[in-house]
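Take a look at the structure below.
Chain naming here is simple, since letters A, B, ... match the order of the sequence lines and numbering starts at 1 in each.
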Number of protein chains: 2
Amino acid sequence: MQRDGVTGETDAQGSAQRRVAAGSRGRRRVSMADVARRAGVSSQTVSRVSNGHPSVVESTRSQVLAAMKELGYRPNSAARALKSGQFRTLGIILFTLSTTGNVRTLEAIATSAAAEGYATTLLPVAVPTEGEVRGAFTRLGELAVDAIIVIMEVHLLDAAAVSLPPGVGVVVADSDAGDRYSVVDTDQKGGASDAVRHLLGLGHGTVWHVAGPEESYAAQRRADAWRSELQRAGRDVPPMLRGDWSAESGYRAGLRLAQEPGCTAVFVANDQMALGVLRALHDHGRAVPDEVSVVGFDDIPDAGSFIPPLTTVHQDFAEVGRRCVESALRQIGDAQGERGTTLVPTRIVVRESTAPPPTA
Amino acid sequence: MQRDGVTGETDAQGSAQRRVAAGSRGRRRVSMADVARRAGVSSQTVSRVSNGHPSVVESTRSQVLAAMKELGYRPNSAARALKSGQFRTLGIILFTLSTTGNVRTLEAIATSAAAEGYATTLLPVAVPTEGEVRGAFTRLGELAVDAIIVIMEVHLLDAAAVSLPPGVGVVVADSDAGDRYSVVDTDQKGGASDAVRHLLGLGHGTVWHVAGPEESYAAQRRADAWRSELQRAGRDVPPMLRGDWSAESGYRAGLRLAQEPGCTAVFVANDQMALGVLRALHDHGRAVPDEVSVVGFDDIPDAGSFIPPLTTVHQDFAEVGRRCVESALRQIGDAQGERGTTLVPTRIVVRESTAPPPTA
DNA sequence: TCGCACGATGTTTACGTAAACATCGCGTGA
DNA sequence: TCACGCGATGTTTACGTAAACATCGTGCGA
């Protein structure tokens, strides 16, 4: 067939047209048709080779492969997506990359997604107002994504949910969201309880708490666990201090703790704030861990290099990311993905910032 | 026209077909044709409204808009990309999100890109071997991106460059790359020189250096600037120590520095390592800044919360990100984007880790 | 008053791929 | 020996959009 005169003529026409279509600047990308022509097969055969379809005889396959290589063929993902209705892309919506947790989770998501042949599209939302989020989702809806992973507080998601494109799965990381979405979360409660129990186990009478910002669900749950663990043990619950996750806010909280003579143990809701607390205690001559014990949360890479190395609750962000991708892909496959919550366990890492209380 | 009997019949047929096409699961997305039918116009008119084309009369426009809203129409970006040849997406290739610089740069890129209506696709490369990088680029080539921003050492890029899809612009952040690519970089040399001059200006006889890993171009340039600044001032150049950017490696370097009685000033190539150095000095009773002054590089958010707050060289990652996007978009527009290097200035932030040397 | 220009809208077509269906030829069993 | 089946390959078509071109009507100048 490839030597048929009529076909030859059609080819010539095709090329001419194409040259025109390509316009004045830059050459058009190589398409299946080009490869097909070069290899002397139909474009459908090229498609089959490209997708590893079994019913292509070896000799044909290698011929096509050679033509692809020669011409530098690369499949056009837009066309593929248009035809198949799948983009092989996950959208990630988040507020900020300034917390370690988000970054690590994102990294794990991107890595696992890549392993599954999925790309990861980022959609940062600068200011967490409802309007902003809604805008982000609208854009995501138009965006080429098969599923969306949300790394943020879900109550902001609520207002935006209406504009979620139907048929796109949503996974929420590290938030509540209960029944409406699939959720992958760290076991905040377990981790916080472990931290408090560790301190009580060392003999401290009670444990103070520097919490994260009010609007953070994670912060809230860590605080709740701290409170109920103390109550269960029948201890006094000291007033709760609040920070905004930053080391600076931790420093401010630490200044107040340094004035409290009765304070011998602190559970800080994240490592960055713990860094600030350590500095405040140090600045006011309160020795850690000899006078005051400090426990953080997250186990960021630097935690082992704090002064002193920080005892903290390790979060497995990588696992969270992996589970998010897993759940997202399952939703893509299933259409009606399950809605459950997956809890990723934590573990406490004991370093040098905790010790028994000073014998009074 | 919209009340024509034949047209009505066509409508009915269309719907039936559509239902079949949608298959058993989930409904097909609303297309321009659906909106057109509902609004009683041609799909081309819908396209015009969708793209804000001027020659649509107001009454028609609002009719179409209403139909879009009613039907929940969302443009199909795959089709749009196929037709226009543009994805409105930037691809980011990087090794790791574990360094602050990469994360901040990425964040700025994503934000600026979003502001320009571009999405950002992440392509992490787990292990920085040549093979890995090549794979990443191959995938990026198939990926739906209009330009690529590379955040990594360029010598690894070299091997991979061959598989770069033609016509896709490349911007390299924070590396060399000279003439082949457009480069946006922080003024490493200026920043490092400032750090050394600051210490010499305080009266220190010379300055030690804890460098980053050998294969890092940034580390190399910071070390070069340190050396040449000392030489220019006619000072001794102490042996250089090396870390791998981590706080832990900084600690190890700090242990060695603590043994050097003559060492009164250290320039550390990044803040994380500086954190480790601070702890090592602290552990060995060397007071900072009274006995030893320490300067970092990066100005990570926590730097002000170190013990003591760290004097460091501030990098404007946000600006780097912004410039990267700017350059990438220019390349998309131009086809032949320029190849120059853009330098983003640094500034030294003086905190409490530096002071004049102890009077011997 | 007639024709032409221009604005608004409709029709056709192509983008690159892959599913669905069609065809062709060869081997095998009755 | 012939028909049938099946594997390999080709042909047709549709995905949703937007550029290019076609058409229609209206208003204005000669």
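Proximity note for A/Ala79 (side chain, C-beta onward) versus D/dG16, D/dA8, C/dT17: the nearest is C/dT17. Closest to the A/Leu82 side chain, of the nucleotides C/dA18, C/dG16, D/dT17, is C/dG16. Each of D/dT9, C/dT9, C/dT17 was ranked by its minimum atom distance to the side chain of A/Ser55; first place goes to D/dT9. Counting only heavy atoms from C-beta on, A/Gln44 has its side chain closest to C/dA20 among C/dA20, C/dT9, D/dT17. Here the side chain of B/Ser42 is nearest to one of C/dT11, D/dT9, C/dG16, namely C/dT11.
If you find the closest nucleotide of DNA chain C to A/Ser50 and to B/Arg61, the one lying nearer the 5' end belongs to B/Arg61.
Straight-line distance from the OH atom of A/Tyr73 to the C1' atom of C/dG16: 8 Å, rounded to whole Å. A straight line from CZ of B/Phe87 to C1' of C/dG16 spans 11 Å, rounded to a whole angstrom. One can place CZ of A/Arg37 at 12 Å from P of C/dT17, the figure rounded to the nearest angstrom. Following rounding to the nearest Å, A/Met32 (CE) and D/dT9 (P) show an atom-to-atom distance of 15 Å. Look at CG on A/Asp34: it is 9 Å from P on C/dT17, rounded to the nearest Å. Put simply, CG on A/Asn51 is 12 Å from C1' on C/dG16, counting in whole angstrom units. For the pair B/Lys83 NZ and C/dT17 C1', the interatomic distance rounds to 16 Å; values are reported in whole Å.
The main-chain N or O of A/Ser31 is found under 3.5 Å from a side-chain atom of A/Asp34 such that the two form a donor-acceptor pair. Using a distance-only test at 3.5 Å, with no hydrogens or angles considered, no donor-acceptor pair links the side chain of B/Ser50 to the main chain of B/Val46. A distance-only check finds no donor-acceptor pair linking the side chain of A/Thr60 to the backbone of A/Val56 [under 3.5 Å].
Distances shorter than 4.0 Å separate none of the side-chain N or O atoms of A/Asn76 from OP1 or OP2 on C/dC15. Remark: A/Arg80 is in phosphate contact with C/dA18, judged by side-chain N or O atoms under 4.0 Å from OP1 or OP2. Residue B/Ser43 places no side-chain N or O under 4.0 Å from the OP1 or OP2 atom of D/dT17. Under 4.0 angstrom from either OP1 or OP2 of D/dA8 there lies no side-chain N or O belonging to A/Thr45.
Using a 4.0 Å heavy-atom cutoff across all strands shown, A/Val46 reaches no nucleic acid atom at all.
When every heavy atom of A/Ile109 is checked against every heavy atom of A/Val325, the shortest pair comes out as O-CG2, 3.5 Å.
Comment: A/Arg330 engages A/Glu326 in a salt bridge, judged by a side-chain N to carboxylate O separation of less than 4.0 angstrom.
Side-chain to base pairing of B/Arg48 with C/dG10: one donor and one acceptor N or O lie within less than 3.5 Å of each other.
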